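All remarks here apply to the structure that follows.
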Protein chains: 2
Amino acid sequence: MKVTIREVAIKAGVSPITVSRALNSPDLVRPDTRAKIEKAVTELRYRPNPVAQGLRSGKTRVVLLVVKHKRTYDPLLFEFALGVSDTFQQNNYSLLIHLTPDGSVSVDDVTGRADGVILTDIEENDPRIEKLARHVPVAIFGESTLAVSQVDIDDAWGARLATEHLLSLGCQDIVMVAGDGRALYMKHRIRGYIEAFTEAGGNPTIAYGSLDLIGGETAIRSFGRIPEAIFCASDGMAVGVLRNLTSLGIRIPIVGCDGLQLGEMTTPTLTSIKLPFYEAGQKLAEAILDGIQGKEPVNIRIRPDLVIRESTHYWEGRTSRCDSSRNEAASPTLT
Amino acid sequence: MKVTIREVAIKAGVSPITVSRALNSPDLVRPDTRAKIEKAVTELRYRPNPVAQGLRSGKTRVVLLVVKHKRTYDPLLFEFALGVSDTFQQNNYSLLIHLTPDGSVSVDDVTGRADGVILTDIEENDPRIEKLARHVPVAIFGESTLAVSQVDIDDAWGARLATEHLLSLGCQDIVMVAGDGRALYMKHRIRGYIEAFTEAGGNPTIAYGSLDLIGGETAIRSFGRIPEAIFCASDGMAVGVLRNLTSLGIRIPIVGCDGLQLGEMTTPTLTSIKLPFYEAGQKLAEAILDGIQGKEPVNIRIRPDLVIRESTHYWEGRTSRCDSSRNEAASPTLT
DNA sequence: CTGAAAGCGCTAACAT
DNA sequence: ATGTTAGCGCTTTCAG
């Protein structure tokens, strides 16, 4: 049933080791012997046994991806996983998933099973990092002061991009609708807005709310005025803001954050900061692969892009400062 | 660095095989020797090497889960994966993920890497099933006439549940808003509705549309009348229907399908057919584990549950038939 | 350029 | 109850 290197060797009239060489370092084998071996390999449908290779080499060609289960699933996480997966497939690595409610992993989940670990949902001073990094290369999606490979999305930059875009439209009274600043990435977004707006001479104003549509719908009320433009810390919030304002017959430039498909389905469609989760997955996969090969840890911050859609496009090219122009915009619709 | 069974044996003053036995079949080892061994194990922090065990046993204690990447991510898939993952962790199995745009897998992705495969996104006469099943135990999330383990959600039953619920409210003119019937599960939902409604003497009417909010908003127009009740083939559609009708000031019983969190966030909250994806994941994991142990394939259909919320609760207990009562319901809101 | 020996870490089968 | 032998399938020495 299972053909081993031995059968191939016999069929090709050589020794097993020559077969191994023909497969791993073809240059060390004379072309004609190699041809015989390749013939035997295809005829017998020989495939090297990864487990045996693993035992020999001490490598599994597997990486463990640790994911925390969230009740409200984040579609971006799926993009991320795809980026990781694609990169691994290109490198003949496999992806082992460790899915737990709290993201916990033990060293035993890794040693002997995987050559490295990718950690997601990193918290400040995340205890898992040091624990694992003593035994196996670690790469994290997030940030840490420890000497492990880390890839993160530059949220502050994204917020700056959004703010500067609104500034470029001539808006001077730009407010932000944010989530509570417990999560690191939210702190960065808030900081990015504050820095960019302050540099432009603005006086930052922030309302806080939940990251979903409701948060947007309600948070905006707390400003006590209609600002000239709004930067929302999530697309969900932005849709809420959009809806609320539209129901009041108000239309002002709005920028969301995430770059979800959701933003293509609203009326007007939503300008947003597109977070490069797929790319982050790729980079993280490369980072851990490098780490496995003994290279030094890398520290990568990926900058998001601004995707301009209708919610701000309307004002582009105008030189005058924004006005809270009232118009008969259709009810914003999720589609 | 890496402690082997040999070191433990030396430290405990026994032979390696005795250590192995103490770990795998403790009853075959005298308690005092066992104690010595256990002491050595903990002191040296010995962990058996899974790769070596794998080579010896021919088993990897890994199962491959094949998932097709969809652009619009389905949160239910995540629930499913969690069900699989939890069950595997309880059985000391690991979960290898194969994520591809089209769901393709080759035999080489499996042999030597995993003891079995779980296939998702099954199509009619899915060619992957037979190809893989010749080499390794296969369990599918879906249905097939082949002799492989299969777990599926009884969509027809769910549709029946929804229809009968609406019937029980006294409604006689119940329509369905469905997706196009290419996917098997949609065929089942449509069939379930038709059967249940026909049995009750009704005359089935179906409108088709995309599975999202837009599909619901538009599909309902095609009826040319306001029915007494609506069964929607997805929660997304149901929200669209809800919104459309609410904007007309109409409120009738509506049942969705999926049981997403979305349905808890609308006004009114949405009665829905809760699809047991987590349980399906568990069952599928059990099925493949059984298959690996040589047991016969199983064929399981899991019945969804009806979750009653405000979108139909309003009418419960009424004995009269439904009327398309008009009221001043608040605009249905996604939150 | 090719082969023989040896062993990665673990555990059946067969002793004792 | 414990140890010896041997081998899972592959590849790194070291010889030829």
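A, B, ... follow the sequence lines: proteins, then strands. Residue 1 opens every chain. No hydrogens, no waters, no symmetry mates; every other heavy atom, side chains included, goes into these values. As the structure is a prediction and not an experimental result, all values here were calculated from the model.
- Contact between the side-chain N/O atoms of A:S15 and the OP1/OP2 oxygens of C:dT2 is not found at any separation under 4.0 Å.
- For the pair A:K274 and A:D305, the salt-bridge criterion is not met [side-chain N within less than 4.0 Å of a carboxylate O].
- The existence of a salt bridge linking A:D290 and A:K295 is confirmed by a sub-4.0 Å separation between a basic side-chain nitrogen and an acidic carboxylate oxygen.
- In this entry the distance linking CD1 of A:I37 with P of D:dT11 reads 13 Å, nearest Å.
- With salt bridges taken as basic N to acidic carboxylate O contacts below 4.0 Å, one links A:E124 and A:K187.
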Reading 5' to 3' through nucleotides 7-16 of chain C, protein heavy-atom contacts under 4.0 Å coded B for base, S for sugar-phosphate only, - for none: BBBBBB----
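- The distance between atom NZ of A:K59 and atom P of D:dT11, rounded to the nearest whole Å, is 16 Å.
- Contact check, B:T33 against D:dT2: a side-chain N or O comes under 4.0 Å of OP1 or OP2.
- A salt bridge links A:K39 and A:E43; the closest N-O separation between the charged side-chain nitrogens and carboxylate oxygens is under 4.0 Å.
- Distance A:L44 CG to D:dG9 C1': 15 Å, rounded to the nearest Å.
- Nucleotide D:dC10 holds its P atom 16 Å from the CZ atom of A:R61, rounded to whole Å.
- For the pair B:I288/B:S149, no side-chain contact is recorded, criterion being any heavy-atom separation below 4.5 Å from C-beta on.
- Ring geometry for A:F80 versus A:F277: interplanar angle over 60°, hence perpendicular rather than tilted (30 to 60°).
- Between the C1' atom of D:dG3 and the CD1 atom of B:I10 lies a distance of 15 Å, rounded to the nearest Å.
- Distance A:R30 CZ to C:dT2 C1': 9 Å, rounded to the nearest Å.
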